[in-house]
Structure formats: structure tokens, C-alpha cells
Amino acid sequence: MKTANPFASKVMEMAERETHGWKMMIGGKWVEARSSKRAVTFNPAYDQPLAEVPAANAEDVADAVAAAKAAFPAWSRLHVDERAKYLQRFADGIRAWAREFGMLDTLDSGNPLPAMIDDANKGAGLHDYFCGLGMEMKGRTIPTPGGGLNYTRQFPFGVVGRIIPFNHPISFAAGKIAPPLVAGNTVVLKPAEQTPLSAMLLGRLVEEHLPPGVVNIVVGDGPNCGAPLASHRDVRRVAFTGSVEVGRSILASAGIKPVSLELGGKNPLIVFPDVDIEKAAAAAVSGMNFTRSQGQSCGSNSRVFVHAKIHDAFMEAVLTLASKIKVSLPELENAQMGPVVTRRHYDRVMGYIESGRKEGASIALGGTHSAAAELKSGYFIDPTVFTGVKHGMTIEREEIFGPVMSVVQWTDEATMLEEVNDSEFGLCANIWTNDISTAMRFADDIECAYVWINGHGNKRFKGAPFGGMKSSGLGKEHSLDELLSFVQEKNVNVRY
Ligand code: ADP
């Protein structure tokens, strides 16, 4: 295996050993796909095969769902404090292996190592948060005529299907199973086919810390593994993070069950002329996620609307900061920015860059494969900034999911707001101004569900509901709303 960090080889050996040769965890056992089919996952930094993993299909999904269904009665009957004890030990296990999980994600996804170690700890942290919220799954009493009591209680759904994307593998695999588990559901988790390794190693902690079948991990692609999971009759609740297109198909095929969707974004960062230019520029660069994920995050502020009066000074500050970002092999201990996830995705992002050029925008930075010799074979794209972008251009409308920022100039506030809202997406928005009235007015009028004033949407807080409007999704995460979305209410009448 090619690598610039000897720890990478050690982690691959350790994870292969711990997962019995990259097997899936179903019903507390390590299994191959029933078909014995395997798929190859690639290291995007070198364009080289990294590991062979099972290619699960509907049969394996059925096994995982059956195991989760069998585990449900005992798990759901535990008091929430008892479930929390299990989950806290599980979370401690994640923290103890944070560097190992981080390295696996770096090798599999190309995201820089320090950010991926941080991601592992974040995923574990969500267990702390949701375990602490457990007692909030409360019922109500309702006044009724005559002698009696009418009350409600909250019950878990049963088996939950959790389907996650490639961009934050361990953070999502670890963190997004916390609320359904705390609520008393059992889970079938499906990581993205591009980045399954850290979820597979998580199976080792499932084996050690949780009763068999409480968490099951199926590894496969979307059509053969994700689709049968979402539509399985015994899966009573589906939670999906990924593209709008797949979100739509899941809604259409899931049947009668609640579905939550955390989908894409084309998030505006709006700069008014009264701001501290250096601070606003720093937020635009940081919130674009060039570092952490090469822009491959739904919360990236990929559309920047800057007032014409300060445009040139703002751009100078943005370019100074963005050009300092160092693209390197992502497994280096101090890596800032790595490659995008696959060759196919690289071609897609490059296609968008080409469309920006053709449609008349100007490249102020990047737009090319990173130059360093050791990066030649990987899917590296330099941080890219377009200026002269007009509303309606492809790069201003579509989610590129790569390191590409589009800067639009504005002069008239009403026209700018119209352009900002003329988008299918409605996830994050960022408003930069020192005028309180303008800030509050825009926060009201903007059609996005997660708004930052003088900041950027990648700063998230536990407890602050995160989720999209319009085609950006359904439902809220990282908050009590998310926990309560994994229980259903039962009403009971008592006569006395
Ligand atoms: P991205 O573009 O970020 O890869 P996708 O929506 O394509 O997002 O994939 C996100 C997750 O959804 C992955 O785990 C993928 O395997 C899964 N997936 C893809 N197609 C389907 C489908 N038809 N049904 C269920 N899951 C799917």
C-alpha cells in the first residue's frame, strides 16, 4: 500500500484483523455477503485499490432486518438509562479508536486526517448528548370528561434503516445511530459504498458493547443494498442523508413509514457593504469547507453574494486566505486538504468548473488538478474560486459538492434576495452585516432553515435543530426534535 504515513498501514492491518477480513456485523456475527460477491474500495489519494469488502444485496439486508427485529423487544424494554449505559461504553470505544477511525476515513474518502479524527470524536459526542436527553421522551395527560385519565406515552418504531453518504463516514456512522438507539429502536446501518471501512470497524465495537442485533451493518451499493433496506416492510422508520435524487426515490418506495431526509444545499453567504471585510472573507473561506472535506459537505457556502462596493477588497482577502490552503496527501498528520472521493466525482466537479468557464464566469483561483508531483495520480483539485458569476449559471444553481466557490456581485437588495431564494435548496444561509435590522429582516425572509448571522453554517451546536427547507430535506437533526422523531405516541384512556 502506498502511503506517506506508516500509521496508515498499521491501521489497515488492525482493521482487517478486527473485522475478520472485512466482514459485516449482522446479528452479532461477522458475515460475508450471501452471494459471496465483493467490491473494491479505492484510496482517492493514489487512485489505488484499498480493500475488498462485501457487496451486500437484498438477501443480506433481509438477514440484517430480521436480526434487528429479533433484538428489538429486549432492547426497547430496557429503561432508557440502561440503554444509555451500553451506548456510553460504545461511545468510549469510539473515542479510544478516534485516530484509527480517522485514518480509515482518510484512506477511504481522502478527507484530511486531523478533520477525520475530530469527526470520530464528534460522532461519539452525539451519544453523550442523546443519552442525556433520554428522559425527555415524555408523554402528556389530556383532560377528559368524567372520571378517568387520558395519557400518552412514547414508543420506538422497531427497526430503523439508516443510510449515510461518503463525506463524513465515521461521524455519520457513529453519530446518526445514537438517537434511534437511545429511543429504543434497533438499527440497520448502511454506509456509502465509497467509504465503508470505518463503519465496518465500528462493527467491532458493536460486537463488544451492544447486545447482538441491536446494530447491524450492511455494506453495499445504493440500488442493491440501500433501496431494499429503505423499502423493507419490517423497517418501520428510515433516516437518509445524501442526494436529492436518492431522497426522492426513497420517499417514493419506502411505503407507509416516516422518512427523514437530510439532502443537499447551495448555501448563500451574503455580504453587506458595512462588514469587517477580513472577518467576512475568513468566514466565506472557512465555511466553504475547502479543508475538512474539499467542499463535499451539504453545509458549504458555495454561493457568495457580495456587495459591489466592497467586492474587490473582499475578493482580495478571500484569495489571500484560499491560496494559503495547502493541498497534500491527506494522511499526513498536519494535512489541510486532500482529494475528492472518487474518479467519477473528480470528473463531475471538473465538468462543473468547465461549465463555469464556458458560461462566462472567471476563475480567480484554482480550477485545475493540484500540481505537486506526489499528487499526480490522485483526485486532487485546487481550491477554486469563480468571480463574475451570474444568477442562473450552472455553477450558481447546482450543488457541485466540491472545492468550488461562486461569487456573485450585487447592488440592489431586493433583487439579491430574490436571486438567493430562487433555488430548489433551502439548507443553510449566512448573513454578514453589522446592521441589526437588515440582519433580522434577512433571517426572516431567507428560505433556508439554518441561518447564521455573522458566521457560517458549518458551526453547529448540539441542540440547535439542523435540517433543510424545500428540496434540502425533511426533519431536524442534532436536537431533541431528532430524538422525538424516533418515537411514536400512543394514547391511552383509563376509566375509574
Ligand atoms: P452522494 O451523491 O453523496 O454519494 P447518494 O444519495 O448517491 O449521495 O448516496 C448516499 C447514500 O445513499 C449511499 O449510502 C448510497 O449507497 C445510498 N443510495 C444510493 N442510491 C440509493 C437508493 N436508490 N436507495 C437507497 N439508498 C441509496
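What you are looking at is a predicted structure, and each value in this text was computed from that prediction instead of being measured. Counting starts at 1 for both ligands and their atoms, following the listed order.
- In this structure, the side chains of Val187 and Val214 stay at 4.5 Å or more apart for every pair of heavy atoms.
- Phe486 is linked by a ring pair (Phe, Tyr, Trp, His ring centres under 6.0 Å) to nothing, counting only residues two or more places apart in sequence or in another chain.
- With a 4.5 Å cut-off on side-chain heavy atoms, Val188 and Arg162 do not count as touching.
- Each of Pro112, Pro330, Pro383 was checked for a side chain to side chain contact (heavy atoms under 4.5 Å, CB included) with Gln294, and the lone residue meeting it is Pro112.
- Rounding to the nearest 0.5 Å gives a distance of 10.0 Å between OG of Ser109 and CD of Gln194.
- The protein residues lying under 4.0 angstrom from ligand 1, judged by non-hydrogen atoms, are Ile163, Ile164, Pro165, Phe166, Lys190, Pro191, Ala192, Glu193, Gln194, Asp221, Gly222, Gly226, Ala227, Phe240, Thr241, Gly242, Ser243, Val246, Ser249, Ile250.
- Rounding to the nearest 0.5 angstrom, the gap separating the CG atom in Leu87 from the CG atom in Leu181 is 5.5 Å.
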